[in-house]
Amino acid sequence: AALDLFRPGLAALQRAEALFTAVRGHNIDYVSSAVRMEHAPPPALPEVCFIGRSNVGKSSLIRALFSLSPEVEVRVSKTPGHTKKMNFFKVGKYFTLVDMPGYGYRAPKDFVEMVEAYLQERHSLKRTFLLVDGVVGLQKTDHIAIEMLEEFGIPYVMVLTKIDRASQGLLLKNVLGIQEFVNEKTQGCFPQLFLVSSVQYSGVHLLRCFVAHVTGNLPAVEDS
């Protein structure tokens, strides 16, 4: 319980749900894709990005986040490494969400140049969400990504995916191991882990709220 640093109230959760629900006057749209920073849309809004290994379920999680607006097209493939570009989604006039290419297995050849340039040059980036497979825990490629984020001084948060596939004992083991790693080995990582299932939607509402929080879209409800 001491590690539950982000504990939004009902008003904040409702505000986040509204942000992720497309209505007249508030559109949620796929904007464009880019393989180079010069091709990225102008950084007019606060931005968050999602990175992780090629088969961690990144696009599935983004589709779950946008499930309140099913008309938003998030391509999810059965083949790991389907995302080869940076895909930008605009959430009304409030923030932009970026689906980054997966690293490790089936990563695009220019992944390092693409992602490093984005992380270092995108001044509108408010938080990076690093997805880790809740079944297998941190892998070597995850540690490389963490080292990159720490070196660049990029604030990030770890999200454990696929928790519906892990037994309670295995999930607890991985959570405690990762939590210990975060506490002892990182400086830029938010100390609370977010556990999610894109199949059962567990934890998705809390993650929506945290996205709204880090992009500055909950000030009124948080002050109250």
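All values derive from a computational prediction rather than experimental measurement.
- Qualifying side chain to side chain donor-acceptor pair (under 3.5 Å) partners for Tyr30, counting only residues two or more places apart in sequence or in other chains: Ser33.
- Note that CZ of Phe50 is 9.0 Å distant from CG of Asp99, once rounded to the nearest 0.5 Å.
- To the nearest 0.5 Å, the span separating CG on Leu61 from CG on Leu207 amounts to 6.0 Å.
- Contact detail for Gln192 and Leu5: the closest heavy-atom pair is OE1-N, 2.8 Å.
- For Glu17, the salt bridge (Lys or Arg N to Asp or Glu O under 4.0 Å) test picks out Arg208, with sequence neighbours left out.
- Pro43 has its side chain out of reach of His123: every pair of non-hydrogen atoms, C-beta onward, lies at least 4.5 Å apart.
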(request) Carefully, step by step, assess Phe190 and Phe210 under the rule ring-ring contact (aromatic ring centres under 6.0 Å, His included). (result) CA-CA 11 Å; Phe190 189 66; Phe210 192 70; 5.0 Å; yes
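- Side-chain contact check for Lys173 versus Leu176: every heavy-atom pair is 4.5 Å or farther apart.
- Ser197 contributes atom OG, which lies 6.0 Å from atom CD1 of Ile163 (distance to the nearest 0.5 angstrom).
- For Gln187, the CD atom counts as loosely surrounded, since its 6.0 Å shell holds 12 or fewer non-hydrogen atoms of other residues, nucleotides or ligands.
- Of the possible polar contacts, one joining the Ser54 side chain to the Tyr103 backbone as a donor-acceptor pair under 3.5 Å is found.
- Only one option out of Leu131, Val115, Leu119 pairs with Met100 in a side chain to side chain contact (heavy atoms under 4.5 Å, CB included); it is Val115.
- At least one donor-acceptor pair under 3.5 Å links the side chain of Arg15 to the backbone N or O of Asn217.
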(message) For a side-chain contact (heavy atoms from CB on, under 4.5 Å) check, start with the C-alpha distance between Asn87 and Leu97, then their side-chain angles and the critical distance, and finish with the verdict.
(response) CA-CA 8 Å; Asn87 297 319; Leu97 187 151; over 6 Å; no
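- We find the CG-CD distance between Asp29 and Glu71 to be 8.5 Å, quoted to the nearest 0.5 Å.
- When the side chains of ILVMFWY residues are joined at heavy-atom separations under 4.5 Å, either directly or via intervening members, Val31 and Val98 end up in a single hydrophobic cluster.
- Listed here is the closest heavy atom pair of Leu19 and Ala212: CD1-CB, 3.6 Å.
- A donor-acceptor distance shorter than 3.5 angstrom exists from the side chain of Gln179 to the backbone of Pro191, with no hydrogens or angles considered.
- Less than 6.0 angstrom separates the ring centroid of Phe66 from the ring centroid of Phe89.
- Looking at Thr96, its side chain never comes within 3.5 Å of a backbone N or O of Phe88 through a donor-acceptor pair.
- Leu149 places a side-chain heavy atom less than 4.5 Å from the side chain of Ile51.
- Classification of Lys162 and Asp133 as a salt-bridged pair holds, one side-chain N sitting under 4.0 Å from a carboxylate O.
- Annotation: side chain of Phe20 is in contact with side chain of Val211 (closest heavy-atom distance under 4.5 Å).
- The CD1 atom of Ile178 sits 11.5 Å away from atom OG1 of Thr186, with the distance rounded to the nearest 0.5 Å.
- Both Val35 and Met86 are members of a single hydrophobic cluster when ILVMFWY side chains are connected at heavy-atom separations under 4.5 Å.
- Across all their heavy atoms, Ser69 and Ile28 have their closest contact at OG-CD1, 3.6 Å.
- Under the 6.0 Å cut-off for aromatic ring centres, Phe181 and His143 qualify, their centroids lying closer than that.
- Note: the hydrophobic cluster containing Leu172 does not contain Leu170 (ILVMFWY, side chain heavy atoms under 4.5 Å, direct or indirect links).
- Listed here is the closest heavy atom pair of His26 and Thr21: CD2-O, 3.1 Å.
- Using modelled atom types, one side-chain atom of Asn174 and one backbone atom of Val135 make a donor-acceptor pair closer than 3.5 Å.
- The environment of Arg127 atom CZ is dense: over 12 non-hydrogen atoms of other residues, nucleotides or ligands sit within 6.0 angstrom.
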(message) Determine whether Ser198 and Arg63 satisfy the following criterion, side-chain contact (heavy atoms from CB on, under 4.5 Å), listing intermediate values before the conclusion.
(response) CA-CA 8 Å; Ser198 301; Arg63 186 169 66 175; over 6 Å; no
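- Aromatic ring centres of Phe129 and Phe194 lie farther apart than the 6.0 Å criterion allows.
- To the nearest 0.5 angstrom, Phe95 atom CZ is 9.5 Å from Leu45 atom CG.
- A chain of hydrophobic side-chain contacts below 4.5 Å, direct or via other Ile, Leu, Val, Met, Phe, Trp or Tyr residues, connects Val132 to Val175.
- Salt-bridge formation is detected for the pair Arg122/Glu47: a Lys NZ or Arg NE/NH1/NH2 atom is positioned less than 4.0 Å from an Asp or Glu carboxylate oxygen.
- A pairwise comparison of heavy atoms in Cys209 and Pro8 identifies SG-CB, 3.6 Å as the closest pair.
- Thr161 contributes a side-chain N or O that, together with a main-chain N or O of Val56, makes up a donor-acceptor pair within less than 3.5 Å.
- Taking all atoms of both residues into account, the shortest heavy-atom contact from Cys49 to Leu125 is N-CD1, 3.8 Å.
- Cluster membership for Val72 and Leu68, using ILVMFWY side-chain heavy atoms within less than 4.5 angstrom, is shared.
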